[in-house]
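A short write-up of the structure that comes next.
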Amino acid sequence: MSDDKNQTDNRDRSQVAGDEEYEVGYVASKFGISTVQVRELIAEFGNDRDVIEREAAKLKQGDDRPAA
């Protein structure tokens, strides 16, 4: 990690990169759902991290959707 705060890596941490297995896996393990379910959430709601995490929490609780 650089000490120079002007040198950033240009990642947008407010979004879940659906094409990156480690990010999908992280969300899946964080909420106890499958990677398939995370990808379905991304397809339905887009890749905004706040929205995905909110919907994943609902999914884990059994709200709105049947488990896949």
Side-chain angles (χ1 to χ4, degrees):
M1 168 123 355
S2 175
D3 290 332
D4 184 353
K5 301 301 180 200
N6 292 321
Q7 294 182 356
T8 62
D9 60 7
N10 297 323
R11 287 186 242 176
D12 187 355
R13 299 192 190 280
S14 69
Q15 297 182 347
V16 177
D19 58 340
E20 295 291 345
E21 191 62 37
Y22 69 93
E23 283 207 44
V24 174
Y26 170 76
V27 174
S29 66
K30 181 176 179 179
F31 292 96
I33 61 176
S34 73
T35 56
V36 171
Q37 289 172 306
V38 175
R39 291 188 193 284
E40 289 172 352
L41 291 174
I42 292 170
E44 185 172 344
F45 297 103
N47 63 348
D48 182 272
R49 186 171 302 277
D50 292 336
V51 173
I52 295 299
E53 290 189 356
R54 181 185 67 230
E55 295 301 321
K58 286 182 188 178
L59 185 60
K60 182 177 180 187
Q61 294 172 1
D63 296 348
D64 288 347
R65 305 158 157 297

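Not measured: the values here are computed from a predicted model.
Residue F31 comes nearest to K60 through the heavy atom pair O-CD, 2.6 Å, listed as atom of the first residue, atom of the second, then distance. Heavy-atom minimum distance, I52 versus V27: CG2-CG1, 4.1 Å.
Here the CG atom belonging to L41 is positioned 10.5 Å from the CZ atom belonging to R54, to the nearest 0.5 angstrom. The structure places OH of Y26 at 15.5 Å from CD of E21, a figure rounded to the nearest 0.5 Å. In this structure, CD on E40 lies 10.0 Å from OG1 on T35, to the nearest 0.5 angstrom. Atoms CD and CZ, on E23 and R49 in that order, are 5.0 Å from each other to the nearest 0.5 Å.
S29 meets the side chain to side chain contact (heavy atoms under 4.5 Å, CB included) test with no other residue; sequence neighbours excluded.
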